[in-house]
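Everything below concerns the one structure shown next.
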Amino acid sequence: MSFNRRNFWMYPLFQIPAMFLLAFLLAALLFALLGLGRPNVAVAIALDVSSSTYQPQSFNSPGTVMAEEIAAVRSYLAQNSQLKTPNQIQIFAFAGEVIPLTNSFQTDKQLLESELDRTLQNPNLSSQIGGGTDINKAIQKGTEALSSIQDRCRELLLVTDGQAEVSPLVIAQAVGQRVKINAVVVGADAPAIQLAAFTTRGIYLSNQQNNLAALFTDKFFISFNSNIKWVIFWLGAAWIALMWMITIPLDRWIFRGLMSQPPNLAGQLAIGNALFWTVLTPLIVWRIFGLPFGSIC
């Protein structure tokens with residue numbers, strides 16, 4: 001192709017992609033700044049309250065792992081209350097048994113905190129929860145609770161200081177119900193829990209006792225409520241528009257100018273470059289980040 005008679009910015013092949021580029025960049029900026037496209041989320045929080053999380057002190061004493069867990073939950077609830085569409089949250093405690101600390105999935109911060117405080121003040125809670133640490137039962141109970149929630153992304157957030165095997169059946173049930181298992185292990189790594197998180201596309205962290213509250217708000221809350229898929233989608237579209245916009249400069253300055261290619265071949269190479277990125281960019285975005293269509297969970 002030949003574009004020697006006019007300046008390249010006078011051609012529709014430059015002008016139209018340039019307009020699309022500006023539109024896509026503006027969309028990416030608006031989605032990033034305004035939080036457009038954020039998913040609706042339901043979160044089941046399962047806290048390990050076995051004896052190892054507070055002994056040798058008493059149940060829920062200040063400075064214990066258990067107290068850190070409760071403080072982290074309160075931080076999450078405070079952050080959640082600032083959302084236009086807050087997460088639906090239910091809180092569970094587990095050791096040998098799993099006991100709901102709140103009655104159901106709720107968005108109201110005051111109601112959740114009131115139910116949480118009332119349950120924690122139950123003097124029989126430590127005996128009702130049993131001994132040991134049954135990770136399978138905690139995941140299973142959280143999955144069952146989340147499975148009743150429709151039209152929301154399903155996130156299970158598990159905090160424990162113990163290690164245990166996680167049944168493949170329990171993981172399969174979570175996958176089948178589209179529940180992501182996210183976990184914080186206070187102490188040594190727990191490979192079985194890490195595998196469960198990886199299999200369900202959740203987040204796994206370990207050795208994090210002293211900053212649980214920060215992790216809940218800065219890591220999990222942001223990840224659960226992120227619209228990054230939309231931002232990446234618009235940036236990918238902008239990249240494609242840019243590749244088409246530079247077709248004429250590539251033809252003139254690179255392939256014919258620097259590389260001394262004949263006009264027909266230079267034009268084919270310039271258009272081929274745009275077509276290459278038009279096909280490859282959606283594949284890269286899809287494989288690495290996922291596309292924000294349908295379910296964005």
- Query: Pick one: which of Leu269, Asn273, Leu275 meets side-chain contact (heavy atoms from CB on, under 4.5 Å) with Ile271?
  - Reply: Leu275
- Between the side chains of Thr119 and Gln121, is a donor N or O closer than 3.5 angstrom to an acceptor N or O? no
- For the residue pair Tyr54 and Phe59, categorise the inter-ring angle as parallel (less than 30°), tilted (30 to 60°) or perpendicular (more than 60°). perpendicular
- Is it true that the side chains of Ser206 and Asp189 contain a donor and an acceptor less than 3.5 Å apart? yes
- Exceeds 12 heavy-atom contacts within 6.0 angstrom, atom CD of Gln55: yes
- Message: Test of understanding: clusters of I, L, V, M, F, W, Y form through side-chain heavy atoms closer than 4.5 Å, transitively. Do Leu13 and Phe276 belong to the same one?
- Response: yes
- Item | Any side-chain heavy-atom pair of Val186 and Thr160 under 4.5 Å | no
- Note on the structure: Minimal heavy-atom distance between Thr247 and Ala274, with the atoms involved, is OG1-CB, 4.0 Å
- Query: Which value, rounded to the nearest 0.5 Å, describes the distance between Phe255 atom CZ and Ser260 atom OG?
  - Reply: 12.5 Å
- Report yes or no: does Asn136 contribute a side-chain atom to a donor-acceptor pair with the main-chain N or O of Ser167 at less than 3.5 Å? yes
- side-chain contact (heavy atoms from CB on, under 4.5 Å) between Phe92 and Ile45: does it pass, once the steps are laid out? CA-CA 6 Å; Phe92 298 87; Ile45 303 177; over 6 Å; no
- Task: Give, for atom CD of Gln82 and atom CG of Leu77, the distance between the pair rounded to the nearest 0.5 Å.
- Result: 12.0 Å
- Verify, without hydrogens or angle tests, whether Asn227 (side chain) and Phe31 (backbone) share a donor-acceptor contact under 3.5 angstrom. yes
- Query: Any chance the side chains of Ser61 and Ser58 put a donor and an acceptor closer than 3.5 Å?
  - Reply: yes
- Query: Are Arg38 and Ser226 close enough that some pair of their side-chain heavy atoms sits under 4.5 Å apart?
  - Reply: no
- Trp244-Ile16 co-clustered via ILVMFWY side chain contacts under 4.5 Å: yes
- Query: Asn87 versus Leu83: any side-chain heavy-atom pair under 4.5 Å?
  - Reply: yes
- Task: Check the pair Ser52 / Asp161 against side-chain hydrogen bond (donor to acceptor under 3.5 Å, both in side chains), numbers first and verdict last.
- Result: CA-CA 8 Å; Ser52 61; Asp161 69 339; 2.9 Å; yes
- Shared ILVMFWY cluster between Met243 and Leu280, side chains joined below 4.5 angstrom? yes
- Between Lys141 and Asp134, is there a side-chain N and carboxylate O pair less than 4.0 Å apart? no
- Message: One pair to check against side-chain contact (heavy atoms from CB on, under 4.5 Å): Glu97 and Gln128. What are the steps and the verdict?
- Response: CA-CA 8 Å; Glu97 301 295 332; Gln128 292 173 350; over 6 Å; no
- Message: Starting from Trp230, can I reach Leu36 by hopping between I/L/V/M/F/W/Y residues whose side chains sit under 4.5 Å apart?
- Response: yes
- Could you go step by step and tell me if Phe216 and Leu157 meet the side-chain contact (heavy atoms from CB on, under 4.5 Å) rule? CA-CA 9 Å; Phe216 268 50; Leu157 177 49; 3.6 Å; yes
- Task: Flag the pair Glu69 / Asp48 as yes when at least one side-chain heavy-atom distance between them is below 4.5 Å, and no otherwise.
- Result: yes
- Could you give the distance from CD (Glu113) to CD1 (Ile91), rounded to the nearest 0.5 Å? 8.5 Å
- Indicate the ring-plane relationship of Phe224 and Phe220, choosing parallel, tilted or perpendicular according to the 30° and 60° boundaries. tilted
- Message: Just verifying a value: how many Å separate Asn124 CG and Ile129 CD1, rounded to the nearest 0.5 Å?
- Response: 12.0 Å
- Message: Any side-chain to backbone donor/acceptor pair from Arg154 onto Gln177? Under 3.5 Å, distance only.
- Response: yes
- Message: When you compare the side chain of Val179 with that of Thr200, does any pair of heavy atoms fall below 4.5 Å?
- Response: no
- Gap between atom CE of Met66 and atom OG of Ser126 - 0.5 Å precision: 8.5 Å
- At what distance, to the nearest 0.5 angstrom, does CE of Met245 lie from CH2 of Trp9? 12.5 Å
- Item | Heavy-atom side-chain contact between Leu112 and Thr107 under 4.5 Å | no
- Task: Check the hydrophobic clustering (I, L, V, M, F, W, Y; side-chain heavy atoms under 4.5 Å; chains of links allowed) and say if Ile203 and Phe198 are grouped together.
- Result: no
- Item | Side-chain heavy atoms of Ile171 within contact of Val166, under 4.5 Å | yes
- Cut-off 3.5 Å, side chains only: do Asn182 and Glu155 have a donor facing an acceptor? yes
- Any side-chain heavy-atom pair of Thr102 and Ile89 under 4.5 Å: no
- Show your reasoning for whether side-chain contact (heavy atoms from CB on, under 4.5 Å) applies to Met259 and Ile254. CA-CA 6 Å; Met259 301 177 65; Ile254 303 300; 4.1 Å; yes
